[in-house]
There are 2 protein chains.
Amino acid sequence: MSGKTVLIVDDEPAIREMITVALEMADYICIEAADAREAHALIVDRQPDIILLDWMLPGTSGIELARRLKKEETTAEIPIIMLTAKVEEDNKIRGLEVGADDYITKPFSPRELIARLKAVLRRATPPGIDVPIEVDGLTLDPSSHRVTVNDSALNIGPTEYRLLQFFMTHQERVYTRSQLLDQVWGGNVYVEERTVDVHIRRLRKALGERHDYLIQTVRGAGYRFSDRPA
Amino acid sequence: MSGKTVLIVDDEPAIREMITVALEMADYICIEAADAREAHALIVDRQPDIILLDWMLPGTSGIELARRLKKEETTAEIPIIMLTAKVEEDNKIRGLEVGADDYITKPFSPRELIARLKAVLRRATPPGIDVPIEVDGLTLDPSSHRVTVNDSALNIGPTEYRLLQFFMTHQERVYTRSQLLDQVWGGNVYVEERTVDVHIRRLRKALGERHDYLIQTVRGAGYRFSDRPA
DNA sequence: CGGGACTGTCACACAGCTGTAACACTTAGG
DNA sequence: CCTAAGTGTTACAGCTGTGTGACAGTCCCG
């Protein structure tokens with residue numbers, strides 16, 4: 001299972017739909033945007049793992065959006081695959097110039113798309129994703145799928161693990177219950193928002209009094225992971 | 001929840017009503033005006049996030065109003081969607097010419113209206129909405145939902161947070177209690193105006209003596225946020 | 001099949017936030 | 001000065017949002 005979130009940016013609904021269907025079959029989570037603004041809003045809100053970006057867009061062009069994304073610190077790391085309608089060497093060059101990680105010319109087969117996607121994700125997946133994250137004695141090691149507090153392993157369920165991993169890779173930022181459901185549970189499930197509270201609780205309990213301060217409640221907003229006291 | 005305020009300008013009460021019902025279901029706050037004059041008054045007073053403007057109006061036409069709004073600095077930023085009765089290419093062109101952001105031809109479905117509305121609002125929302133704001137040592141960071149004074153966190157409730165955020169993104173301008181209730185509390189609540197005073201008080205207290213000068217009382221008018229002493 | 005682990009939901013407890021009223025104070029204008 | 005209107009300040013009762021424990025259903029593995 002991949003569970004990676006893919007943002008598809010194309011002004012043509014039919015194309016978005018086609019890609020979505022293909023990718024969801026391959027177990028990706030898809031979100032769609034029709035133009036650059038919509039795309040930007042979704043990027044901020046959902047933080048996709050990769051972006052499929054059409055070359056031609058109404059308003060701000062795909063190229064322009066790519067350039068901007070690569071400039072902003074919070075989005076620069078997200079890999080981008082450009083979609084171009086024609087085989088124009090120019091596009092390729094300019095696309096890669098502004099920071100796109102790969103490009104595909106339409107029409108393309110789902111097979112090809114997924115292959116490229118995997119390749120880019122593998123390549124872009126920084127050596128950092130497998131590196132253990134450590135905060136104040138709390139360590140999460142993705143490669144061994146293990147969580148320890150001062151070297152003593154702690155026993156948490158899969159959901160708590162994903163939740164903690166998400167938090168530790170997204171520190172210092174508040175996430176609403178809804179966003180957490182999207183990011184940790186995966187967009188298409190329907191669960192009560194209060195369920196998040198329960199898993200937060202379980203996680204805190206597992207962390208123990210010495211470390212539960214790391215998961216902070218922001219009343220009226222959501223939760224935040226930070227080693228800096230509230 | 002959106003909570004955005006939509007001003008509907010149309011001389012036909014039935015149409016206004018229809019739109020209002022549709023939009024309120026989608027969680028927008030609606031205010032209505034029958035002509036240009038009424039519209040202008042509401043724009044100044046309520047500062048809607050977007051305006052639905054009928055092409056044909058008694059007295060000053062919709063086009064004329066749009067033109068004026070785009071000229072005035074305080075209203076130029078408010079997006080406008082023109083409503084036209086017939087499919088006349090002319091209207092489209094002239095409407096966009098004077099600065100409308102989109103147009104819809106009647107009749108239209110609520111679905112379509114809301115879709116356009118969202119698109120325009122998203123387009124109009126600057127991507128920089130998440131950057132921290134800093135004034136004289138006071139920092140508000142929307143992404144972490146944190147407020148600090150010289151790096152020491154200060155503890156304020158959700159309402160004070162929204163109030164402060166509104167002020168910091170709208171500095172140097174005086175807002176009446178009524179306007180603040182609209183903007184910070186969200187139009188449809190009914191609360192005593194004096195409630196604003198209390199929250200202002202709480203905010204000032206939290207800011208401390210060193211910084212409470214930032215929130216200034218304008219006797220007989222309302223409050224203003226400014227780093228320039230009164 | 002049986003048992004254990006995990007999940008989502010609910011009900012209840014509780015802390016913190018909110019709106020209001022009441023009272024104290026300040027300002028403007030006679 | 002004196003008055004009235006406008007604003008500052010405080011206390012408090014009610015409410016909302018969050019913490020918490022229990023529980024039943026589900027899935028997986030032996």
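The analysis underlying the following values was restricted to heavy atoms, covering all of them including side chains, and did not include hydrogens, waters or symmetry mates. Quick note on labels: first sequence line is chain A, next is B, and so on, each numbered from 1.
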Which heavy atom of B:Pro48 sits nearest to which heavy atom of B:Ile78, and what is that distance?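 It is O-CG2, 3.6 Å.
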Roughly, in whole Å, what's the span from [atom1] in [X] to [atom2] in [N]?
{"X": "B:Lys205", "N": "D:dG8", "atom1": "NZ", "atom2": "C1'", "answer": "11 Å"}
{"X": "B:Asp212", "N": "D:dT7", "atom1": "CG", "atom2": "P", "answer": "17 Å"}
{"X": "A:Gln216", "N": "D:dG19", "atom1": "CD", "atom2": "P", "answer": "12 Å"}
{"X": "A:Leu164", "N": "C:dC6", "atom1": "CG", "atom2": "P", "answer": "15 Å"}
{"X": "A:Ile156", "N": "C:dA5", "atom1": "CD1", "atom2": "C1'", "answer": "14 Å"}
{"X": "A:Arg162", "N": "C:dG8", "atom1": "CZ", "atom2": "C1'", "answer": "13 Å"}
{"X": "A:Asn155", "N": "C:dG4", "atom1": "CG", "atom2": "P", "answer": "15 Å"}
{"X": "A:His199", "N": "D:dG19", "atom1": "NE2", "atom2": "P", "answer": "14 Å"}

Under the 3.5 angstrom rule, does the side chain of B:Gln165 hit a backbone N or O of B:Leu140 as a donor-acceptor pair?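 No; zero donor-acceptor contacts below 3.5 Å.
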Determine: side-chain N/O of B:Trp185 to OP1/OP2 of C:dT18, distance under 4.0 Å, yes or no.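 For C:dT18, OP1/OP2 do not have a side-chain N/O of B:Trp185 under 4.0 Å.
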Side chains of A:Thr20 and A:Glu32: is there a donor and an acceptor less than 3.5 Å apart?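 A pair is found: one side chain offers a donor N or O, the other an acceptor, under 3.5 Å apart.
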Which word best sums up how the rings of A:Trp185 and A:His199 line up, parallel for under 30°, tilted for 30 to 60°, or perpendicular for over 60°?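 Aromatic pair A:Trp185/A:His199 classed perpendicular.
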Please enumerate all protein N or O atoms sitting under 3.5 Å from an N or O of nucleotides 11-18 of chain D, with distances to 0.1 Å.
{"from": "D:dT18", "atom 1": "OP1", "to": "A:Gly220", "atom 2": "N", "distance (Å)": "2.8"}
{"from": "D:dT18", "atom 1": "OP2", "to": "A:Arg177", "atom 2": "NH1", "distance (Å)": "3.4"}
{"from": "D:dT18", "atom 1": "OP2", "to": "A:Arg177", "atom 2": "NH2", "distance (Å)": "3.3"}
{"from": "D:dT18", "atom 1": "O5'", "to": "A:Arg177", "atom 2": "NH2", "distance (Å)": "3.4"}

For a quick check of understanding: with a heavy-atom distance under 4.0 Å over all strands, which category does B:Glu193 fall into, base, sugar-phosphate or nothing?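 The residue B:Glu193 makes no contact with any strand.
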Checking A:Phe225 now: which residues fulfil ring-ring contact (aromatic ring centres under 6.0 Å, His included) with it, not counting sequence neighbours?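 A:Phe225: no ring-ring contact (aromatic ring centres under 6.0 Å, His included) contacts found.
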Taking the ring of A:Tyr223 and the ring of A:Phe167, is the distance between their centroids below 6.0 Å?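 Centroid distance A:Phe167-A:Tyr223: not below 6.0 Å, so no.
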